[in-house]
Amino acid sequence: MKERIKKIIPRYAYIPLLTMVIMNVLVYNGSKLFTNSLYHYNASIFIDSYLPFVPFFISFYILAYVQWIIGYIKIAKENKETCYHFCAGEVIAKLLCLFFFLVFPTTIVRPEVIGDGIWGMLTRFIYSADAPVNLFPSIHCLESWMCFRGAMALKKVSKKYKIIMFVFTIFVCMSTVLVKQHVFIDIIGGILMVEIGILITKKFHLETIFEKISSKRS
């Protein structure tokens, strides 16, 4: 079993990937402990009133989780430096999310989902499992955009993979507003958090933190 895992995820990537998962749980769920009693803003703008409710797009919203698994595994397998760089950028992006979740709590009024079709059923399930809070920035858009940005830096993948990752990321971002889980500005916020996280990591060489941790373990 261990050998199979090593073929999928290199040993040097264990701590960075685990750190990302823990950070996501702490930021998204932990912040609610402090904001549940606070006033939540609706960040809708005029564009949102023109966006229709399209339950079919819940398929992209759910498949985003598959994209993230594939995307981060590819990043991890590229090489140690690439893995550390994007994982560090992800952590910084999540810390930025935490700041906004705490100082600018947001919510959205979701539509009533009518009908017994598969897309309506899946949308109702997502609505029941995921409260309409912690919307800005969109973590869904953040994760997918990070996978796309990572894909563009990879040399061990094909051009086709990079194109697919970009197109799918666009559909994921569209899904967040077309299933009324987010508003338009949340998409922009998610993308900006990625770009700022990558920029800060590059400027201050924060990927070396994982390098130091790795060297202590070996």
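Every heavy atom of this structure was used, including side-chain atoms; hydrogens, water molecules and symmetry mates were not.
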Counting only heavy atoms not in [X], do more than 12 fall under 6.0 Å of its [atom1]?
X: N29; atom1: CG; value: yes
X: K162; atom1: NZ; value: yes
X: F125; atom1: CZ; value: no

Distance, nearest 0.5 Å, that separates [atom1] of [X] from [atom2] of [Y]:
X: M174; Y: Y61; atom1: CE; atom2: OH; value: 15.5 Å
X: W119; Y: F57; atom1: CH2; atom2: CZ; value: 11.0 Å
X: I209; Y: C87; atom1: CD1; atom2: SG; value: 12.5 Å
X: I75; Y: C147; atom1: CD1; atom2: SG; value: 5.5 Å
X: I188; Y: I45; atom1: CD1; atom2: CD1; value: 8.0 Å
X: I187; Y: L192; atom1: CD1; atom2: CG; value: 12.0 Å

same_hphob_cluster([X], [Y]) at 4.5 Å side-chain heavy-atom cutoff:
X: I22; Y: L17; value: no
X: L26; Y: Y72; value: no
X: V179; Y: V54; value: yes
X: V21; Y: I139; value: no
X: I213; Y: Y84; value: yes

Looking only at non-hydrogen atoms, find the nearest pair between [X] and [Y] and report the distance.
X: V91; Y: M23; result: CG1-CE, 3.7 Å
X: S214; Y: K80; result: OG-NZ, 4.5 Å
X: D186; Y: F136; result: OD1-CB, 3.3 Å
X: G89; Y: M146; result: C-CE, 3.7 Å
X: I9; Y: A13; result: CG2-CB, 3.9 Å
X: P137; Y: F100; result: CD-CB, 3.9 Å

Does a donor on one side chain and an acceptor on the other come within less than 3.5 Å for [X] and [Y]?
X: W68; Y: S144; value: yes
X: T201; Y: E207; value: no
X: E90; Y: T19; value: no

Scan for side chain to side chain donor-acceptor pair (under 3.5 Å) pairs involving residues 31-41, sequence neighbours excluded, and state none if there are none.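 Counting only pairs at least two positions apart or across chains, the side chain to side chain donor-acceptor pair (under 3.5 Å) contacts touching residues 31-41 are S31-N134.
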Examine distances only and state if a side-chain atom of [X] and a backbone atom of [Y] form a donor-acceptor pair shorter than 3.5 Å.
X: T208; Y: E211; answer: no
X: Y12; Y: A76; answer: yes
X: E78; Y: K156; answer: yes

Could you walk me through whether V194 and F148 satisfy the side-chain contact (heavy atoms from CB on, under 4.5 Å) test, starting with their C-alpha distance in whole Å, then the side-chain angles of each, then the deciding distance to 0.1 Å, before giving a yes or no? CA-CA 10 Å; V194 171; F148 158 66; over 6 Å; no
Check for me whether the distance between the ring centres of H140 and Y65 falls short of 6.0 Å.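 Distance test on ring centres: under 6.0 Å, yes.
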Any side-chain heavy atom of [X] sitting closer than 4.5 Å to one from [Y]?
X: L206; Y: I200; value: yes
X: L51; Y: K180; value: yes
X: P10; Y: K77; value: yes
X: Q181; Y: I108; value: no
X: N42; Y: T106; value: no
X: V183; Y: L135; value: no

Candidate pair I196 and I92, rule side-chain contact (heavy atoms from CB on, under 4.5 Å), full reasoning: CA-CA 8 Å; I196 295 172; I92 297 301; 5.6 Å; no
Using 30° and 60° as the class boundaries, would you call the ring planes of F60 and F171 parallel, tilted or perpendicular?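 Answer is parallel, since the angle falls under 30°.
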Could you check L178 against F53 for side-chain contact (heavy atoms from CB on, under 4.5 Å), going step by step and ending with a plain yes or no? CA-CA 5 Å; L178 294 182; F53 173 51; over 6 Å; no
Ring-face cation of R110 near Y127 (centre distance under 6.0 Å, axis angle within 45°):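 Checked: cation-pi criterion met.
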Please evaluate residues K94 and E143 with respect to the criterion salt bridge (Lys or Arg N to Asp or Glu O under 4.0 Å), reporting the C-alpha separation (whole Å), side-chain torsions for both, the decisive distance (0.1 Å), and the verdict. CA-CA 10 Å; K94 286 292 170 60; E143 300 289 13; 2.6 Å; yes
R149/E195 ion pair, N-O < 4.0 Å: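 Yes, R149 and E195 are salt-bridged.
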After noting the C-alpha distance and the side-chain angles of N79 and E81, does the key distance pass the side-chain contact (heavy atoms from CB on, under 4.5 Å) rule? CA-CA 6 Å; N79 55 56; E81 292 72 24; 3.5 Å; yes
